[in-house]
Amino acid sequence: MKYDFKEIEPKWQKYWDEHESFKAETGSSKPKFYSLVEFPYPSGAGMHVGHIKAYSGLEVVSRKRRLEGYNVLFPIGFDAYGLPTENTAIKTGVHPRTVTDNNIKKFTSQLRKVGFSFDWSRVVDTTDEKYYKWTQWIFLKMFENGLVFRDRTLVNYCPSCKVVLSNEDSQGGKCDVCHSDIIQKEKEVWYLRITEYADKLLQGLDSVDFLPNIKLQQENWIGKSTGAFVKFRIKENGEELKIYTTRPDTLYGVTFMVMAPEHPMIEKYRDSIKNIAELDAYKDECAKKSEFERTQLVKDKTGVRIDGLTAINPINDTEIPIYISDYVMMGYGTGAIMAVPAHDTRDYEFANKFGIPIIEVIKGGDISKEAYTGDGEMVNSGELNGITNKKDAIAKVLKVLEAKGVGEAGVQYKMKDWAFNRQRYWGEPIPIVHCPKCGMVAVPYDELPLRLPPVENFQPGQDGESPLAKIESFVNCKCPKCGGDAKRETDTMPQWAGSSWYFLRYCDPNNDSALASPEALKYWLPVDWYNGGMEHVTRHLIYSRFWHRFLYDIGAVPVPEPYAKRTAQGLILGPDGVKMSKSRGNVVDPNDVVDEYGADVLRVYVLFMGDYEQAAPWSESSLKGCKRFLERIWALQDTLTDDDGYSKELSAAFHRTVKKVSADIEQLKFNTAIAAMMTLLNQISDKGSITKGELKALLTMLNPFAPHITEEMYHNVFGGILSEQSWVTYDEALCVEDEVEIVVQINGKVRAKLNVPSEASQDEMIEAALANDTVKPLVEGKTIVKKIAVPKKLVNIVVK
RNA sequence: GCCGCUGUGGUGGAAUUGGCAGACACAAGGGACUUAAAAUCCCUCGGAGUAAAAUCCGUACCGGUUCGACCCCGGUCAGCGGCACCA
């Protein structure tokens, strides 16, 4: 009988589909397991093998869990709003709705061809009005709770896509979508006050099981620092200049102050500043600098001294000059700093350039050469002198400042508020109405969803205006509050909106009266295991935790953290070892692989190709190795014997393999799990036959990886349905052989190998080693200094 | 610059976390079967060395701890990822 995957695979896919084999049942009395993979953006190019690897990990875990008796929710959906679809629509003239529907069809057929055990009755589509009704609902709840605001600021603007981008979407000064240089533009935009949740997001990390580097990246992104706010009085007008510093202990070393060029105090006192023209010119110059210049060409410090404002150091009443410089940012802290050149690298550079004195207050470095940022004894610091560590010095100075009422401890976060809007068509409309009388008014809840109007022309407006702004019938409306003429907001939400809560919708995807029923949420949450890409750790993962935490705070969800566990898979690189990309032409289409080798081979290969969490290059020839493996499994049917249990020779091997495969799957070590099954197969081949009991165990272990072939073989031999059976168990006591081979070392070098009973004591092992013919002559005539024995492993004899 | 990760045969990668380095595969070479090829099966496969063994050497580099180090410690180099004038 030949292994004909082309017949087998569609047959079982049809069976699972018709029998709803993988349907999750809300409220079932079985233990629940919610495994989540990041839903795809349905692009026109279709899926690539990276998607397959990303889903195969939890696919294996999910199938194993079902065999273990769990009620598993393993859903899939589509994150379908976004620029590429809209750009395709503009180029081809086909409506984004149609483009999206076609792409979803394509993705669905690809996913089904691979045989993933998704619950297809729970598919969500973020562009479906039944879905985005609730995206808008969450937005309005945030609006109601003061987490939504509008502000006119400098924003990251992509001149090519003509949209405002968040910091997250413009990392490195490049547009995330088209890679053009980002420019700074002043615009009134929507923000979500995510900074209000900075501390909650940080603390929440303590209660979840995320990979350590994922936690770390989130912590760095939130960027909490502890320090102090200190008020410096301005000599000329008595005003207070508030600064933030992490080093209040160096307060006696302050020799100048720096404000950001946009600091409001300059505007406020422009009449009393003598060189205001010079300051204005400097400010203009800074505004013209691109993101690149501001961040990459960091070494050269520039700035201008403010003539007419002088600060007084609150701790010793020294007069201090004030400068403006673009190395101080308006968006962090208070937009002004106290500069301590002796102990801060940037201040040191600035002081040197402008000839400002440098006062050492911590001993330990050579401040004539460079700033000293380490710890040491305090000097030149009044009451702080003699303190030898930073912690004590900070505690002391804070006490002094508090007593004087000029300073206090404080914290700061690097994370900024979330710029929450796009000037594009293909996104969720922001449900807000601008009324000349009432201001910003929320669209009433019973009018949701606020539908995207059908349009012909999706081209964005010239100065970054949404295409919606051109549609009079959409824009003109009545104010929900006063009934007068009003205008609708025309911006849409960013792509991250829909994906910030999709895992909640899966719990109850067709609910019309809530984002999901409280019962369903209570039953399924939290997600037990979430796997996805590292690239989403600082964006999607933070955003969705923020939304979820907010929903928890208003009582809409029952748990504070959405994901109990988070892991990440590594990329699949092209055969040339570089990241797969369309422009490089090294993308591998999973459809081609399924057609030529079958879905099972593809599934086994993406998990066998290397460590699941590391990147690995695609290799066509390694793929063939996996094909051979499955063909040899298939051939086992020809050497089947009638025994139900394990054969004596292979019993320990089977128990051990079951143990290893079970443990490896839980740790995402799929490559070694498959290797263990290959080893077992080699042992079976050497023996020449397989018992029914052995075949059943092997097929069950392999089923999560290669479900079609194992289902078919199981059906042929045993007549039932494998995915309805139970996972294999093992007996720890039966994992060991009666005899084990141990190694004998002389002075740490392997000199002999011998067999001993596996329960031999240390003394018995040493005795056996010394009696060994190879060992004897090497020990004879020498003094034995030490004898070490490790049970079941080795004996080491140290001689002189 | 700061933070994190990684460095093992021709290749992808193993090594129960201090106990036989190179599991399992791929590629390569040799052989069997075949008129031939493909497929399949068998053998070899880190380097030096030998007729074959023995025996050295070998986990990026230098040093340390240990009976014993890919694993732990100190230093150096290289690659990847994140953040980046964050006060």
Side-chain angles (χ1 to χ4, degrees), chain A residues 171-172 211-221 223-225 227-228 243-247 250 257-258 260 294-301 325-329 331-340 344-347 349-350 412-416 534-535 537-538 570-571 573 577 605 608-611 613-626 628-629 631-632 635 656 659-660 663-664 669 671-682 685 741-753 785-799:
Chain A
Q171 291 179 32
L211 286 180
N213 55 332
I214 292 179
K215 268 191 193 180
L216 200 74
Q217 264 194 48
Q218 293 214 344
E219 279 165 11
N220 289 343
W221 187 258
K224 182 175 184 170
S225 83
I243 60 98
Y244 175 73
T245 178
T246 53
R247 296 296 304 271
T250 61
M257 314 274 296
V258 188
R294 261 182 101 123
T295 57
Q296 302 297 310
L297 310 172
V298 293
K299 285 285 166 263
D300 199 27
K301 295 279 180 293
S325 172
D326 64 352
Y327 86 89
V328 172
M329 310 292 151
Y332 184 81
T334 62
I337 61 157
M338 63 178 220
V340 186
D344 181 280
T345 321
R346 295 147 304 175
D347 298 346
E349 283 165 20
F350 193 90
Q412 278 295 301
Y413 300 93
K414 287 185 196 176
M415 187 165 68
K416 301 205 170 64
M534 278 309 288
E535 69 274 21
V537 165
T538 51
L571 290 175
L573 306 172
Y605 174 62
F608 181 63
M609 63 193 298
D611 185 332
E613 301 177 60
Q614 298 297 128
W618 183 263
S619 157
E620 182 87 18
S621 48
S622 295
L623 194 59
K624 286 180 190 151
C626 295
R628 264 176 228 157
F629 170 59
E631 280 170 347
R632 288 179 63 205
R656 254 197 318 249
K659 180 184 176 183
K660 178 152 183 66
D664 282 355
K669 299 285 176 206
N671 53 338
T672 49
I674 294 167
M677 288 187 277
M678 287 174 168
T679 307
L680 185 62
L681 175 62
N682 289 342
S685 298
E741 190 187 62
I742 63 159
V743 169
V744 183
Q745 299 180 333
I746 311 286
N747 291 344
K749 296 218 152 129
V750 180
R751 295 296 161 176
K753 293 177 184 183
V785 183
K786 203 169 184 179
K787 293 176 280 195
I788 296 123
V790 181
K792 291 179 208 166
K793 292 261 158 68
L794 58 49
V795 171
N796 188 14
I797 295 162
V798 186
V799 296

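Just so it is clear, the model here is predicted, and its values are computed rather than measured. The figures here come from the full heavy-atom set of this structure, side chains too, leaving out hydrogens, waters and symmetry mates. Here is how names work: the chains are called A, B, and so on, in the same order as the sequence lines, proteins then strands, and each is numbered from 1.
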Revision key, fill the gap. Of the candidates rC83(B), rC67(B), rA25(B), the side chain of Trp221(A) sits closest to rC83(B)
Exercise for review: Could you tell me whether Val798(A) contacts a base, only the sugar-phosphate backbone, or nothing, with contacts defined as non-hydrogen atoms closer than 4.0 Å?
Suggested key: sugar-phosphate
Exercise for review: Indicate, with a heavy-atom threshold strictly under 4.0 Å, whether Ala615(A) touches base, sugar-phosphate, or nothing.
Suggested key: sugar-phosphate
Point to revise | side-chain N/O Tyr332(A) vs rA87(B) OP1/OP2, d < 4.0 Å | key: yes
Exercise for review: Please measure how far the P atom in rA84(B) lies from the corresponding atom in rG12(B), and state the result in whole Å.
Suggested key: 33 Å
Review point. Is rA78(B) paired to anything, Watson-Crick or G-U wobble with both distances less than 3.5 Å, and if yes, which nucleotide?
Key: rU6(B)
**Study point:** Between P of rC5(B) and CD1 of Ile214(A), the distance in whole Å
**Key:** 14 Å
Review point. Can you tell me how far C1' of rA25(B) sits from CZ of Phe608(A), to the nearest Å?
Key: 4 Å
Exercise for review: Determine the interatomic distance between P on rA14(B) and the same-named atom on rG4(B); round to the nearest Å.
Suggested key: 23 Å
Check your understanding: Distance between the C1' atoms of rA60(B) and rG79(B), in whole angstroms?
Key -> 11 Å
Point to revise | rC57(B) and rA21(B), which share atom name P, separated by this distance in whole Å | key: 12 Å
Review point. Base, sugar-phosphate alone, or nothing: which one does Gly625(A) contact when heavy atoms must sit under 4.0 Å apart?
Key: sugar-phosphate
Practice item. Using a heavy-atom cut-off of under 4.0 Å over every strand shown, decide if Gln412(A) touches base, sugar-phosphate, or nothing. Key: nothing
**Study point:** Rounded distance in Å - CD (Gln217(A)) to C1' (rC80(B))
**Key:** 13 Å
Exercise for review: Identify the heavy atoms of Arg247(A) and Met338(A) that sit nearest to each other, and give their distance.
Suggested key: O-CE, 3.5 Å
Point to revise | Under-4.0 Å side-chain N/O to phosphate OP1/OP2 contact, Arg751(A) with rU55(B) | key: yes
Point to revise | Phosphate OP1/OP2 of rC24(B): any Asn671(A) side-chain N/O under 4.0 Å | key: no
Check your understanding: Considering every strand shown, what is the Watson-Crick or G-U wobble mate of rG63(B) when both distances are under 3.5 Å?
Key -> rC73(B)
Exercise for review: Heavy atoms only: give me the nearest Pro617(A)-Met609(A) pair and the separation to one decimal.
Suggested key: O-CE, 3.5 Å
Check your understanding: Watson-Crick or G-U wobble partner for rG1(B), using a 3.5 Å limit on both distances?
Key -> rC83(B)
Review point. Quantified in whole Å, what is the P atom distance between nucleotide rU16(B) and nucleotide rG22(B)?
Key: 13 Å
Point to revise | Nearest non-hydrogen partners of Val798(A) and Asn747(A), listed with the distance | key: CA-OD1, 3.2 Å
Study note, to complete from the structure: What one should report as the nearest heavy-atom pair of Ala339(A) and Val258(A) is CB-CG2, 4.5 Å
Point to revise | Aromatic centroids of Trp221(A) and Tyr413(A) separated by under 6.0 Å | key: no
Practice item. For rC85(B), take OP1 and OP2 only and decide whether either is under 4.0 Å from a side-chain N or O of Lys414(A). Key: no
Exercise for review: Identify whether NZ of Lys or CZ of Arg in Lys414(A) sits under 6.0 Å from the centre of the six-membered ring of Tyr332(A) and within 45° of that ring's axis.
Suggested key: no
Practice item. For residues Cys626(A) and Phe608(A), report the shortest heavy-atom separation together with the two atoms involved. Key: SG-CD2, 4.0 Å
Exercise for review: Enter syn or anti for the glycosidic conformation of rG75(B), syn applying to angles within 90° of 0.
Suggested key: anti
Check your understanding: So which nucleotide from rC20(B), rA25(B), rC85(B) ends up closest to the side chain of Asn682(A)?
Key -> rA25(B)
Review point. So, for Ile746(A) and Val799(A), which heavy atoms are closest and what is the spacing to 0.1 Å?
Key: CG2-CG2, 3.9 Å
Exercise for review: Using the P atoms only, state how far rC42(B) lies from rC33(B), rounded to an integer number of Å.
Suggested key: 16 Å
Point to revise | Base rC67(B) to side chain Lys787(A), donor-acceptor N/O within 3.5 Å cut-off | key: no
Exercise for review: Report yes if at least one side-chain N or O of Lys786(A) is closer than 4.0 Å to OP1 or OP2 of rC67(B); otherwise report no.
Suggested key: yes
**Study point:** Pairwise P distance, rA69(B) and rC62(B) [rounded to whole Å]
**Key:** 15 Å
**Study point:** Sugar-phosphate, base or nothing in reach of Lys753(A), heavy atoms under 4.0 Å
**Key:** base
Practice item. Whole angstrom is fine here: how far is it from CZ in Phe629(A) over to C1' in rG12(B)? Key: 17 Å
Exercise for review: Look at all strands and tell whether Asp347(A) reaches a base, only sugar-phosphate, or nothing, counting heavy atoms closer than 4.0 Å.
Suggested key: nothing
Point to revise | Pair assignment for rC24(B), Watson-Crick or G-U wobble, requiring both distances under 3.5 Å | key: rG12(B)
Review point. Which listed nucleotide (rC57(B), rA25(B), rG19(B)) is nearest to the side chain of Lys749(A)?
Key: rC57(B)
Practice item. Give, for atom CD of Glu613(A) and atom CG of Leu571(A), the distance between the pair rounded to the nearest 0.5 Å. Key: 13.0 Å
Practice item. Answer with yes or no whether the side chains of Tyr244(A) and Ser225(A) bring together a donor and an acceptor at under 3.5 Å. Key: yes
Practice item. Would you indicate which nucleotide in rC3(B), rG82(B), rC24(B) comes nearest to any side-chain atom of Leu216(A)? Key: rC3(B)
Review point. In whole Å, what is the span from the NZ atom of Lys669(A) to the C1' atom of rU17(B)?
Key: 12 Å
**Study point:** Which nucleotide in rU16(B), rA14(B), rG12(B) has an atom nearest any side-chain atom of Thr672(A)
**Key:** rA14(B)
Exercise for review: Look at the side chain of Lys301(A) and decide which nucleotide, out of rA25(B), rC85(B), rC67(B), has an atom nearest to it.
Suggested key: rC85(B)
Review point. Does rU17(B) adopt a syn or an anti glycosidic conformation, taking syn as a chi angle within 90° of 0?
Key: syn
Practice item. Could you work out which one of rC24(B), rA25(B), rA87(B) sits closest to the side chain of Thr679(A)? Key: rC24(B)
Point to revise | RNA chain B: 5'-proximal contact among Lys624(A) and Gly331(A) (nearest heavy atom) | key: Lys624(A)
Point to revise | side-chain N/O Arg628(A) vs rA39(B) OP1/OP2, d < 4.0 Å | key: no
Practice item. Round to a whole Å and report the spacing from CG of Leu681(A) to P of rC41(B). Key: 10 Å
Study note, to complete from the structure: Taking rC26(B), rA87(B), rG68(B) as options, the one with an atom nearest any side-chain atom of Ser621(A) is rC26(B)
Check your understanding: Leu794(A) side chain: which of rC85(B), rG19(B), rA25(B) is closest?
Key -> rG19(B)
**Study point:** Contact nearer the 5' end of RNA chain B, comparing Ala675(A) with Thr246(A)
**Key:** Ala675(A)
Practice item. Could you state the atom-to-atom distance from CG of Asn220(A) to C1' of rG1(B) in whole Å? Key: 15 Å
Study note, to complete from the structure: To the nearest angstrom, the CG-P distance between Asn213(A) and rC5(B) comes to 8 Å
Point to revise | Rounded C1' spacing from rU17(B) to rG10(B) in Å | key: 29 Å
Point to revise | Closest nucleotide among rA87(B), rG13(B), rC67(B) to the Ala616(A) side chain | key: rG13(B)
